[in-house]
Structure formats: C-alpha cells, structure tokens
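The block underneath contains the structure these notes are about, expressed in structure tokens.
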Amino acid sequence: MEAFLHQVLSGLATGGIYASLALALVMIYQSTNHINFAQGEMAMFSTYLAWDMINHGMPYWGAFVCTVAISFVAGIIIERLIIRPVENAPVLSVVVVFIALLVIFNSVAGWIYTYTIKTFPSPFPQQPLFGNRFISSHELGAIGVTLAVLVLLYVFFRFTTLGLAMRAAAQNQVSSRLVGIRVGWMLALGWGLAASVGAIAGMLVAPIIYLEPNMMSGVLLYAFAAALVGGIDNPFGAVLGGFAVGVLENLVGAYVIGTELKLTVALVLIIGVLLVKPTGLFGKVFVTRV
Amino acid sequence: MAALLEVKKLSAGYGSSLVLHGVALEVAERGITTVLGANGAGKTTLLRALCGMIRSSGEVRLRGELISGRATEDIVRKGVAHVPDGRGTFLDLTTEENLRLGAYTRKDKQKVSEDFDRVFGYFPRLRERRHQQAGTLSGGEQQMLALARALMLRPGLLLLDEPSFGLAPLVVQGIFQIMRRINQEEGVSMLLVEQNATLALELADHVYLLETGKVVVSGPSSVIRNDEAVRRSYLGY
C-alpha cells in the first residue's frame, strides 16, 4: 500500500510537469491549430540556460526567474521571425518548420553544452518534507510550483483584459481586429507564455530525469498524450490529462509492464484516444445556434 | 451639415477581381445613410473596404482625416465600429466578455462600467444573459449583442451590415427602433447596408443604390422613396 501511494504521488509530480507542457501545446494549438513539436526542445534549451546561470553562481530562484523571462522574450522573437512568415502556409510546411526548430535547438544545445548527462539542482531540500515517507521534497515542490503556475495562468486569462484579448484572438481573428485587438501581437504573446511555461516544466523535470539535449523527447510525448486525452483545444482537459497520464505512467510502469516500456503507455494512449474519441475527454462539443 | 464620412472613387475587391468600381458617398454628422442593393451588389465589400479589412484604392476620410489604407485596428481607434456580416460574435465567450471586448481600445475604464448599464438599458435581454456563453444566444439576441458590443466603443460612426438578416420581422422592428434611439439620443452616425429596403428607407435620411459595384441613384430618402423605378425594383409595389 505504501509503495502504491508513493507511485501515485510521484506520478502526480511528473504529471504536473506534463500538464504544464501540455498546456503550452494547447495555448499555441488554440490560436493557430498547430502542434509546436519544438516545444520540448525549447524547454530543454531554457533549462540549459538556467543550468549555466546557476553554474556561474546565480542563486537558484534568480536563475529561475531570469530563465522564465528570457524564454518569454525568445518565444516572442521566434514567433515574429520564424512562425509569422509561414502563418498562411500549408500545414505540412509549418510542421517542417517546427521539426527544423526541434533539430536546431537539439543540435545547438549539444554543440554548446555537449551530450554528456548533467545533474540539475533542485531548490528543495534533500530530506523529505514533514518527515513523510511517500514523496520527496522535489516532487512535492514540483507539484506546488505547477499548481501556482496553473492558478496564475487561470487568473490571467480569466480576469485580465489582455488575457481576454488573447482568448478572443485565438477564437476569431477577424472579429478581434474589428474591436481593435492587434492579433499578431496576441499570437506572439501566446508563444512567449508557452515558452515560459515550457521552461518551468523543463527546470522542474531536469532534477528527476537529468539534463541532456534529448531529455524532453519523452516528456513531450507524454505531454502530447495528456493534451490529446484531455482534448487538444481544452486547457482544463490538458491539465487533468497531464496529471492522469503521470499517474497512469507510474502505475503501469510499476505493476504491469516495467519501467523500460513505460513510454509505450503514451503511445498507446495517443492511438487509443485518436481511435476511440478523437476530441478527447473534454474536447469541444460545439454548442451553437444560428 | 458637415460630412463625417466622405468616400471618393473607392474601388475594392478580392484577389484580382474588383467588386466596387469607384464608389462615392457621404455620411452626415449625426445622420443615417443607407446603401441598398441586391445580393452581390457589393454592400458587404463596401463596409469591409471602409474599415480596412480588404485592400482598396480611392479616398476615405473621417472628419476630414484620410483613413483609407490604415489597419482595421487603427480605424477602430478612431471611433468606427463595424457590426459585420454574420455578426462576428465570440461564440465561446460570455455575453459580458463580448461586451468587454467592445470597449477593448478605450482608456476610460471608469466610464466603461457605466456603459454596461447604458447598453443593458437598450437591450435588457442581454443583462439576463450576461454570464451565458454567446454561442447559446438566439439569433436576435446575438444581433443585439453585436450592436451592444459596437456601442461599447462609444463610436462616432456605426457600420451596420444587414442587421435584419435571418431574423423574425418583429425582432427586426425592435432592433431598428433601438437603432433610431441610439442615433437620436447619442448622435451616433450610421452607415446601414440593407436588403430590407422598406425599413432602411424609414430609418435613413440619405440613400444610395448600389448595382454591381456602382452607385446608380442617390438622394434624400424622402425623395427616393417616391421614385417610381426604385419603388418597383426595391420595394416591390
């Protein structure tokens, strides 16, 4: 029973990380109908930046905040310079651009930082908090940070005018222009936010899976599965999907197929959802009258 | 009366095909001008060209200032609100969020909250539907919402694209009455594009007839209403 509880809790910790990355995918999907395949590699690169800053003596949380800010700006620049020119291109061209971004980030990271696996520090203490035996401090901290990020994003999109404008721009570009929203900038901001959220996911997952240029490939796959399970156009669904996938991955890995084959869980989920319920659990059921 | 909107030699279209061929028209300050025409005459294209949604050539002046060639987002900031073809409702957002977006460009946040009461005064139904997803509103309610959203800008000029489209006659009459009140009580000028010529002629003070992208007849609505040819082809009696 204790082992089971431990699996569930640490599944929630990694699940929160998948949820963040899934949310980053959904944010971009909602406004552009494209899956950013480079989201994971962007997050990995951000994590290397954080590692660099920490190695140069910066305190952890200082590096954390700087990384989030740099990622935000970098996300905006990538949208403006690379994505904007292919805005109206056919889907496959856009996919190729995303894959190019993925390969570029991966290779540049390997070139600068080498492919040697590195440890990434956790800001949370070594000993489990409150003397509990079920969950490490880092896992508990990761859940806390994830929840804080989710609440902040919710408040931003739900209650601020800018958040509302971003939602409007994602839904209906023509109408948004007619009320004066600068749609292009809203899309760029979306990229910035997604990159920031991805960076946080990267920094939280790195102490668990170690830092190396390919670290995010598995995480992105889980995040993609999470987004699909929850409904690729529904942020709440993606978050719930993330936690569900994290727990499922751990339980299936521990009790059914062993850790080596864990990643297949994600693939089975992706294919299963696409076959059975392509809109996902919370995908949009369009309620509209004419 | 000085002209609020002045259009000269306006040509516009989609891709390489032109729809409008050198249209000229005016909207008087505090006036209501209507553009009548059959399907495909270029009415919707005219409104799109005026607010920069499509490329156009020619001259569009608002209070004497050249606005043709400007981006839609900038023209909105000059106080031009467009109630588009198909109403342009944000279906997944609530009624209130739709209205908040109408006031997106305004800086006087204090007055914006007063304006919620103002537009709910015109459309009490929307107050009841305040927290409801806009996609679940009826057609008439969505048209009210589209007008209300435009009013939240506190516009100087309203561009209205067939507000009667697809609505029951009683609902249409209600909406036209409110448009008249808005014009009289707040002095908002309007450029109304319609197929329902009878109602439009009652509301407007000035009329233009558009045929295949050209203005063929224009004049005060009292005169046009009694024009034999117009009556036969547009009013059907």
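Here is the naming used below: chain letters follow the sequence lines, and residue numbers restart at 1 for every chain. No hydrogens, no waters, no symmetry mates; every other heavy atom, side chains included, goes into these values.
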(message) Nearest 0.5 Å, please: how far is CZ in B/Phe90 from OG in A/Ser176?
(response) 4.0 Å
(message) Rounded at 0.5 Å granularity, tell me how far CG in B/Asn98 sits from CG in A/Asn172.
(response) 9.5 Å
(request) Quick one: which of B/Leu93, B/Thr105, B/Val80 has the most heavy-atom pairs under 4.5 Å with chain A, could you say? (result) B/Leu93
(message) Within the supplied structure, the quantity of interest is the number of heavy atoms (other residues, nucleotides, ligands) at a distance under 6.0 Å from B/Arg118 CZ; does it exceed 12?
(response) yes
(message) Can a donor-acceptor pair be found, under 3.5 Å and without considering hydrogens, that links the side chain of A/Arg182 to the backbone of B/Glu73?
(response) no
(request) Identify the heavy atoms of B/Gly88 and A/Ser175 that sit nearest to each other, and give their distance. (result) O-OG, 2.8 Å
(message) For A/Leu81, is the CG atom crowded, meaning more than 12 foreign heavy atoms sit under 6.0 Å from it?
(response) yes
(request) Determine the option with the most heavy-atom pairs under 4.5 angstrom with chain A, choosing from B/Met53, B/Met152, B/Arg149. (result) B/Met53
(request) Take atom CZ of B/Arg181 as the centre, draw a 6.0 Å sphere, and report whether it contains more than 12 heavy atoms from other residues, nucleotides or ligands. (result) yes
(message) Please determine whether the number of non-hydrogen atoms from other residues, nucleotides or ligands lying under 6.0 Å from atom CZ of B/Phe165 exceeds 12.
(response) no
(request) Would you check if B/Cys51 and A/Leu178 make a side-chain contact, meaning some heavy-atom pair closer than 4.5 Å? (result) yes
(request) Please name the pair of heavy atoms, one in A/Phe159 and one in B/Arg100, separated by the smallest distance, quoted to 0.1 Å. (result) O-NH2, 3.5 Å
(message) Regarding A/Arg177 and B/Asp74, does a basic nitrogen lie under 4.0 Å from an acidic carboxylate oxygen?
(response) no
(request) Identify which of B/Thr89, B/Leu101, B/Leu153 forms the greatest number of heavy-atom pairs closer than 4.5 Å to chain A. (result) B/Leu101
